[in-house]
Structures are given as structure tokens and as C-alpha cells.
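Working notes, structure below.
Here the structure is a predicted model, which means the values were calculated and not measured. Scope of the values below: all heavy atoms of this structure, side chains included, with no hydrogens, waters or symmetry mates. Just so you know, residue 1 is the first one in the sequence shown, and it goes up from there.
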Amino acid sequence: MRVFITGASSGIGAALAKHYGARGATLGLLARREAALREVAQAAGALCDIYPCDVRDLAAVKAAAGAFMAARGVPELVIADAGISHGTYTEIEEDAQVFRDIMDVNVLGMVHAFHPFVAPMCAARKGQLVGIASVASVRGLPGVGAYCASKAATVSYLEALRVELRAAGVQVTTICPGYVVSAMTADNPYRMPFIIEANDAARRIARVIDARRSYAVVPWQMAIVARLMALLPNAVFDRLAQRAGRKPRRGPGFTA
């Protein structure tokens, strides 16, 4: 099995690389940080090619994807996991650039990750594209408007792509994790219900991928929370959300 993963240097992406490496997959790993990528590749214990580049750079991502396919063949599975999260505030002018960065990485980065593989997968009439979204896509939360908006956009994008590629035999899967222990959640100053370790998240996500499901929330307890959040009237949701702590404007938060 050939698996290509973006955002593979840390968090869920790194955990997925190690999970599929343990299963004997041939891996293509892409992220910005070369040293961290090399560590993940070594820990994965599998045939592994690394591609240090930024998912915002479409030409670089295309070159990486082309090199992987030339060397290893068209992957059966592509996982777009690269993402960033920061606290953002509309009234602060400097945060306009942070909004742009989050949308560029989380939304356009996913488009860039999938773009080089769609035509080859359609030609082969097989393959699976997996996008890592978030439970944060369900409602807009104070202080993380950019992140919530970006993840809501990825959910809609993935749904459209799923319908577009269905007739070609290419599966599209949307994964919405809840809280996962990572650099992205390390500075959150509020309670994170049902938080799980990255390796646990990877195992659960892989089960969803194996089942070729179109959409899943991980862990399942967060699916209940997400459904309840979606059903809350705005007046009730607003009062509850106002009491929550807000993510700091600047933090590590990078998983790309």
C-alpha cells in the first residue's frame, strides 16, 4: 500500500505515518520541517520518502507528488492533515494576516495536497482522499473564528469533492477530530472534553479509512457533543460560548 500524508511532521499526521508504517505501507511524507520529518520517517520503520515543503506552495507540492508517483506509483491513500491554529481577533489589524495564513494552510493547503493525485486516481478508477477537518467546523467559537471558518470550509469542500469523484471510483473521506494532544492544543486555556492522544486518534482514524466511510467524528463521544452543539438555539449557544476561555493570539499551533 502507498500512502501520501501532508502535515506529517507532528501531531495526527506523524501518528498516522507511524501507524501506516507499522502496517508495511510505502510512505510519502510532506511538511515544512525537514528535521522533524526525518525523525518521523525513521520512527515509521517503513520505506519512506520525505518532501520538506509548504502546502501553500502548489508548485512545490506538485513536484513532491510527482516525484513520489514516479518512484513509487500512484498512492492508494492520500491524507491531507496540514493545519495551523491561532487565536484571532477581527478588531486587531495584525490578525488579518493570521486569518489569511490559516485559510491558506487549512483550506488551500488541502486543495493543493489533493490536486496532483485526482487525475491519476480517476484514471486508475481507485484511491481514497482523506481530509482532516475538525469538530470546530460545527459552530463558530469565540477567539478562533479563523480556525472554525477554515474547518467549516474544508468540510464543504470535501463534500463537494466526494460527489464530484464518486462516479470515477475515488473515495473521499472527511474526518473531524475532537481534541487531540498536540502542539495545537498545548496552549488552550480551557477544558478539552474527551481529549485523546495522537496515536489513539491515528488508530481510530485508520479504522474509519479502512471502512471507507464518507464522514466521521473522532472520538465517537465528540460526535454526540457536535450534534448537540449544532442543535442548540443561538441564544443558548451564545451564552455557553461566552463563558469559555479563548485561545491565545499567538502560540505554537503549527502542524504543517
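Contact check for Ser137 versus Cys148: no side-chain heavy atoms found under the 4.5 Å cut-off. Side-chain contact between Thr88 and Val144 is absent, with no heavy-atom pair separated by less than 4.5 Å. The closest side-chain heavy-atom distance from Ser214 to Arg162 is below 4.5 Å. Using a 4.5 Å cut-off on side-chain heavy atoms (C-beta onward), Asp49 and Leu29 make no contact. A 4.5 Å side-chain heavy-atom check between Met229 and Leu141 finds at least one atom pair inside the cut-off. Using a 4.5 Å heavy-atom threshold, the side chains of Val180 and Ile195 count as separate. For the pair Cys176 and Val217, the minimum side-chain heavy-atom distance is below 4.5 Å. Counting heavy atoms from C-beta outward, Tyr20 and Leu77 have side chains that approach closer than 4.5 Å.
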message: Does Asp81 form a side-chain contact (heavy atoms from CB on, under 4.5 Å) with Ile175? I'd like the steps, not just the answer.
response: CA-CA 10 Å; Asp81 176 63; Ile175 305 287; over 6 Å; no

- prompt: Is there a side-chain contact (heavy atoms from CB on, under 4.5 Å) between Arg204 and Ile196 once you walk through the steps?
  reply: CA-CA 10 Å; Arg204 294 169 186 253; Ile196 58 177; 4.0 Å; yes

query: Are Val135 and Val225 close enough, and set up right, to give a side-chain contact (heavy atoms from CB on, under 4.5 Å), and what steps lead you there?
result: CA-CA 9 Å; Val135 170; Val225 173; 5.7 Å; no

message: Go through it in stages, so that I can follow the logic: the residues are Tyr147 and Phe99, the test is side-chain contact (heavy atoms from CB on, under 4.5 Å), and I'd like the CA-CA distance, side-chain angles, deciding distance and then a yes or no.
response: CA-CA 8 Å; Tyr147 183 72; Phe99 270 81; over 6 Å; no

query: Taking it one step at a time, do Asp57 and Lys62 satisfy salt bridge (Lys or Arg N to Asp or Glu O under 4.0 Å)?
result: CA-CA 9 Å; Asp57 186 342; Lys62 286 179 65 177; over 6 Å; no

query: Could you go step by step and tell me if Phe4 and Phe117 meet the ring-ring contact (aromatic ring centres under 6.0 Å, His included) rule?
result: CA-CA 10 Å; Phe4 194 92; Phe117 299 106; 5.0 Å; yes

query: Given Thr174 and Glu159, is the side chain to side chain donor-acceptor pair (under 3.5 Å) satisfied, shown in steps?
result: CA-CA 8 Å; Thr174 303; Glu159 184 167 57; over 6 Å; no

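For Asp238 and Arg243, the salt-bridge test fails: no basic side-chain N is under 4.0 Å from an acidic carboxylate O.
Cluster annotation: Leu16 and Met1 are assigned to the same hydrophobic cluster (Ile/Leu/Val/Met/Phe/Trp/Tyr, side-chain heavy-atom contacts under 4.5 Å, transitive). Side-chain heavy atoms closer than 4.5 Å link hydrophobic residues (I, L, V, M, F, W, Y) into clusters, and following such links, even through other members, never connects Val155 to Val172. Leu129 and Val74 fall within a single hydrophobic cluster, where Ile, Leu, Val, Met, Phe, Trp and Tyr are joined by side-chain heavy atoms under 4.5 Å apart, directly or via other members. In the hydrophobic cluster analysis, where Ile, Leu, Val, Met, Phe, Trp and Tyr join through side-chain heavy atoms closer than 4.5 angstrom, Val107 is grouped apart from Ile132. By the criterion of side-chain heavy atoms lying less than 4.5 angstrom apart, applied directly or through intervening Ile, Leu, Val, Met, Phe, Trp or Tyr residues, Val111 is grouped together with Phe68 in one hydrophobic cluster.
In this structure a side-chain-to-backbone donor-acceptor pair under 3.5 Å is present from Thr173 to Arg213. No donor-acceptor pair closer than 3.5 Å links the side chain of His19 to the backbone N or O of Arg203. For the pair Ser9 (side chain) and Ala31 (backbone), a donor-acceptor distance under 3.5 Å is absent. A donor-acceptor pair is defined here as one N or O able to donate and one able to accept, closer than 3.5 Å; no such pair exists between the side chain of Gln128 and the backbone of Gln171. Put simply, the side chain of Arg125 gets close to the backbone of Ala167: a donor and an acceptor are under 3.5 Å apart.
The 12-atom threshold is not exceeded at CZ of Arg227, counting heavy atoms of other residues, nucleotides or ligands nearer than 6.0 Å. Heavy atoms of other residues, nucleotides or ligands lying less than 6.0 angstrom from CD of Glu197 number 12 at most.
The shortest non-hydrogen separation linking Asn199 to Ala15 is OD1-CB, 3.6 Å. Ile5 approaches Gly13 most closely through the heavy-atom pair CG2-O, 4.1 Å.
The one candidate from Asp101, Asp104, Asn106 that meets the side chain to side chain donor-acceptor pair (under 3.5 Å) condition with Ser150 is Asn106.
One side chain, Gln97 or Arg100, offers a donor N or O that lies under 3.5 Å from an acceptor on the other. For the residue pair Ser10/Arg33, the side-chain donor-acceptor check at 3.5 Å is satisfied.
In this structure, CG in Leu27 is found 12.0 Å from NZ in Lys18, a value given to the nearest 0.5 Å. Rounding to the nearest 0.5 angstrom, the gap separating the OG1 atom in Thr90 from the CG atom in Asp95 is 8.0 Å. Distance check, rounded to the nearest 0.5 Å: SG of Cys48 to CZ of Arg38 gives 10.0 Å. Taking CG from Leu30 and CD1 from Ile50, the interatomic distance works out to 10.0 Å, rounded to the nearest 0.5 Å. The distance from atom CD1 of Ile102 to atom CD1 of Ile84, rounded to the nearest 0.5 Å, is 5.0 Å. Annotation: the span from Leu108 atom CG to Thr154 atom OG1 amounts to 11.5 Å, rounded to 0.5 Å.
The cationic atom of Arg139 (NZ for Lys, CZ for Arg) lies less than 6.0 Å from the six-membered ring centre of Phe237 and within 45° of the ring axis.
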